[in-house]
Amino acid sequence: MKEQLLQDGKAVGDRMSRVDGRLKVTGAATYSAEYALPNLVHAVLVGSTIAKGRIRSIDTKAAERAPGVLAVITHVNSPKVPGFAAKQNPDEPPTIGQPLRVFYDDKIYFNDQPIAVVVADTLERARYAAGLVKTQYAAEPHQTNFEANKARGFLPTQAKRNPKSPQNDYDRGQKDGYQSAPVKLEAEYVHESEMHNPMELQSIIAHWEAPDRLTVYDKVQAVKGTQRAFAKDWALPEENVKVIATFVGGAFGNGLHNWPHETAAIIAAKVTNRPVKLVLTREQMFTMVGYRPKTWQRVAMGATRDGKLVGITHECIGQTSSYEEFTESSVQQTRMMYAAPNVSTRYRILGLDISTPIWMRGPGEATGAFALESAIDEMAHLLNLDPLEFRLRNHTDTDPEKNKPWSTKYLKECFQAGAERIGWSKRRMQPGTLREGDWLVGYGMGVGTFGANRGVAKVRAVLRADGSVLLQSATTDIGPGTGTAMVQIAADALGLSPDKIRFELGNSTFPTAPSQGGSSTVNTVGSAVLAACTELKQKLQQLGGAAFAGAAPDQLTLAGGQLGLRTNAAAKASLADLRKQNNGQDIEVTTEAKPGDARQKYSMYSFSVHFAEVRVHALTGEVRVTKMVSCADAGTIVNQKTAGSQMIGGAIGGIGMALHEGALMDDRFGRYVTKDLADYHVPVHADAPPVEVFFVNKPDTLVDPIGTKGIGEIAIIGVAPAIANAIFNATGKRVRELPITPDKLI
Amino acid sequence: MNQFQYVRPTKQKAAIEALARDANAQFIAGGTNLLDLMKRGVMQPQKLVDINRLPLNKIERMDGGIRIGALALNSAVAEDQLVQQQLPLLAQALNAGASAQLRNMATVGGNMLQRTRCHYFYDTALPCNKREPGSGCGALEGINRMHAIFGFSDKCIAVHPSDMSVALAALDATVLVSGPKGERRIAFLDFHRLPGDTPQKDTNLEQGELVVAVEVPENAFPKNVHYLKVRERASYAFALVSVAAALQLDGNTIKAARLAMGGVAHKPWRLTEAEAALVGKPATEETFRQAAAVAMQGAKAFKHNAYKLKLAPNSIVQALKNAAGLA
Ligand SMILES: Cc1cc2nc3c(=O)[nH]c(=O)nc-3n(C[C@H](O)[C@H](O)[C@H](O)COP(=O)(O)OP(=O)(O)OC[C@H]3O[C@@H](n4cnc5c(N)ncnc54)[C@H](O)[C@@H]3O)c2cc1C
């Protein structure tokens, strides 16, 4: 049976408001830290104050005696976590290596590493007692300075083990072929680490419902992955671990790994035999849940005088911890974005005495795009070409890396729409020449791309007695509005009104789905929703008997509490009758959907382009982004409203990356000095300009039957260089170090 | 956070006595700074004397000026008609500070007495002579992009973060305080201290003294004023550098001028010599540049804050241009 949406479906593409919007704005949505379990107690982590060495002694007596304290757990008295003894899944993503084993031994790997957890009857008492833990260290010299250690960068182990890994060195045409070009440039780009700080702090409630049955209410992006990880840690059958993440108050990758505080809470719950709540402090968000790693990049580029790229060489070194190899795809877009005959890329990582990084929205690509798209702008300037025209001259209609056709690519449509909307014609070729009073005005653009990924997922669909349909899948919604999109897809798949459909997620007991990451949820889970709805209709068709036999699925409708047929108004079967045929049971299917072999034949990517208008104060170097236009070729847009919000959020996140975010470390202590939201800046309302969003909105049914390609990542990829390029256009000053604060412009 | 006693007297005398009896007690007003510091373990008072019930929130005309009660909220002062008409520089400075929510809690007394935002002061795992005398200055050889270019010592290079205080320094305010030994007045410029060898002392307030009010004398600056705050985002950030500028113009000639800077020293940095360099001159960018050069004499930068040597004079020029209506 061919899966497809109804031709005249009305839900997909609608600006439907979020199905859970009301719950969220009224405070009725329950987040991980908000489950009121009986006997709940509170845990606070104590962090190390050195970056490397050993704990010589840890004095917990005063803390233990403090009022209300139930337990103080350290490496000295922590129960053994069975899975810690063995070297843990060293070959599994997201990192090669050994995730930090909390309270395992006396070793310190980074500053603010959790070394004790204090459990008390109230949060205040736990916090007070945590301040009483006194630790003596045997410190060892640490290395946290990126520049000083840059030469130690190495090829990631996964690349060494697997010659097919995209992290390996890449040469197309001549190695460093740019050198033969008549016009050349070479530049280095740096950005500081960007810390995960969604509104909701990372939180968990751990509850041992029986000595061998664990339930966690946990802020994660993968309920299934978390279930597997904790089952392994505690040597339990997977079904004995239940993970609930019904609502997630923003996560941009920080929920894609399991972190030490989660296991600390689970240990604390074991020791106290009570449900334990642990909410990280804002300061702990800077060291305990990953971050976009600092990178150094070098781009060398060569072009002919008439603006044809001869070659690009792109190198990147990203920092990681000393115990896990975190990698990202920072240089990979350089292989496929432009029609350059010679491309070389090199990717290295650098282990430092810091905590492990993790993906952050547009992981790798956002970093790489800053270097590549800045360099493109620099080259256009050298050639005295409009950077938009330069990109068009090097546009490619097939994937030059894999030598395959694109499944779809509408980047040129994006260029045109964006240029019109931002007023690109106002841009001066000569930088620093457009001025309004004391403000210099400039325009810039940056291109983004991200793989149109798709995984395997299962969805359960149940037709209930009242004619409503319940769908369930173990995916999560970290903010994009997943539940809403799924309801829209189901509505058009079933021919049923959206208000009759409910989609449940964030529960590991539901049919399996991957983590929410890599802009792939609608492609993956949306396809499974479509498949499950199609199968459900098929089942109804069978139960409906002869009148429906042989009908194509898109001819079947479910409206008005009965099964109907578009081609024959007389064919009708009431749900009551259908249920009777089903022995009075709910009619239920669980269906899996997976990508087909089109993936082997085509290259599949989403594309975006961002245009920025900036004003830079001539005397103070302050930057204001006064307008942005973000355009996306992301396939079918299931919901213009939520997709638009994603684009706006990505643009504002990109403004933060370009102008504000960057954690500062004092290398003498190996300790971050900016670790709250007063010191570590993110954009505030006054920094957020109007962001106009344009979607090409043409389906790519090679990626999935709905035609979606993914939005979350491309919303931010390319934003930072658009702003950096606009600043250059305004001032003539090229800043190659993010964030671009006033001190760099004055 | 440590455990503490809490009292909420309704009489000024009782409040002063409650504090005087206990070297480890602190007044608490809006709590927007003190509570943060307590939660981080930077300040650990054994007793909090909540002064919010004291009748100290009036903003009123007095002989020769305006008196602002120590408990007047930052937002209330900024919105006050009298202040807007006669002290527009103060209203601008207040509105440049923090966020609307914080200004609705923060008091005038608390604002003057807020502690530095130096990273090293805030992190008990790092050295700081202001927090722990003798432990060393972390910022001196550390991350010091926010730090002082004037008036620092080798014990401390922190800056005072208040915006309001920069305007009050420019406007020759006086602080009225009351303590165990009675009332006294402190010129605003003498209220905050330079760090010297005792950076733990931010101000010349004695133990047990309560700030009762700030008195701002009548002045000639009801217009042609500007508070310029340069920060790393458009709002809700502490100043890299700020400038309070007030001009009295006769045609295009400057009759009188007031100039003070924030974000450059351990106290609001009044620029009397630069003011003198403005008086009698035409209000032009050239004049402002010359005054800015005077203002910068003696400035010295550290590893990460050299940009202030350029940003500060540029900001002075821009603030004066705005005040004079040239921008
Ligand atoms: C995120 C953030 C951003 C901020 N940004 C800015 C900014 O940009 N610009 C700016 O200027 N400020 C800024 N602030 C600081 C804010 O202005 C201060 O926190 C506030 O003014 C303090 O006032 P309060 O009444 O809350 O003081 P409290 O926190 O109650 O007290 C502060 C100190 O003053 C003492 N104190 C209070 N009243 C008296 C009195 N009458 N007599 C004697 N001692 C007294 C207390 O004992 C305490 O030591 C910011 C604060 C935060 C948290």
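Every heavy atom of this structure was used, including side-chain atoms; hydrogens, water molecules and symmetry mates were not. Sequence lines set the chain letters: A, B, ... in the order given, protein chains first and strands last, and positions in each chain run from 1.
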* Asked: What part of K308(B) gets closer than 4.5 Å to chain A, counting heavy atoms only: side chain, backbone, both or neither?
  -> neither
* Go through the atoms of L240(B) and report whether side chain, backbone, both or neither lie under 4.5 Å from a heavy atom of chain A. =>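 Side chain of L240(B) only, per the 4.5 Å heavy-atom cut-off to chain A.
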* To do: Have a look at D743(A) and tell me which of K310(B), H304(B), R145(B) forms a side-chain contact (heavy atoms from CB on, under 4.5 Å) with it.
  =>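 Single side-chain contact (heavy atoms from CB on, under 4.5 Å) partner of D743(A) among K310(B), H304(B), R145(B): R145(B).
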* Structure fact -> The single option from L619(A), L745(A), T620(A) that satisfies side-chain contact (heavy atoms from CB on, under 4.5 Å) with L311(B) is T620(A)
Nearest heavy atoms of [X] and [Y], plus distance in Å:
{"X": "D438(A)", "Y": "Q318(B)", "result": "OD2-NE2, 2.8 Å"}
{"X": "K229(B)", "Y": "E622(A)", "result": "O-OE2, 3.8 Å"}
{"X": "D687(A)", "Y": "A234(B)", "result": "OD1-N, 2.8 Å"}
{"X": "Y307(B)", "Y": "I746(A)", "result": "CB-CG2, 4.2 Å"}

* **Polar side-chain atom of D666(A) near backbone of G142(B) as donor-acceptor pair, under 3.5 Å** => no
* Asked: In terms of heavy-atom pairs under 4.5 Å, which option from G138(B), A327(B), G41(B), S315(B) contacts chain A the most?
  ->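 Greatest number of close heavy-atom pairs with chain A: G138(B).
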* When K321(B), M146(B), R231(B), E141(B) are compared by non-hydrogen pairs under 4.5 Å with chain A, the top option ->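 Among K321(B), M146(B), R231(B), E141(B), the one with the most close pairs to chain A is E141(B).
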* Asked: Does some side-chain heavy atom of K39(B) sit less than 4.5 Å from a side-chain heavy atom of R127(A)?
  ->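 Yes. Closest side-chain heavy atoms under 4.5 Å.
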* Rounded to the nearest 0.5 Å, what's the gap from CD on E124(A) to CD on Q3(B)? Could you check? =>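 If we round to the nearest 0.5 Å, E124(A):CD and Q3(B):CD are 10.0 Å apart.
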* Atom NE2 of H685(A) and atom CZ of R233(B): how far apart are they, to the nearest 0.5 Å? -> 11.0 Å
* Is the closest side-chain donor-acceptor distance between D679(A) and Y122(B) under 3.5 Å? ->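 There is no such pair between these side chains.
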* Asked: Does CD belonging to Q136(A) count more than 12 external heavy atoms closer than 6.0 Å?
  ->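 Open.
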* Asked: Run the salt bridge (Lys or Arg N to Asp or Glu O under 4.0 Å) check on D676(A) and R40(B) step by step: do they pass?
  -> CA-CA 11 Å; D676(A) 60 30; R40(B) 302 250 187 130; 2.4 Å; yes
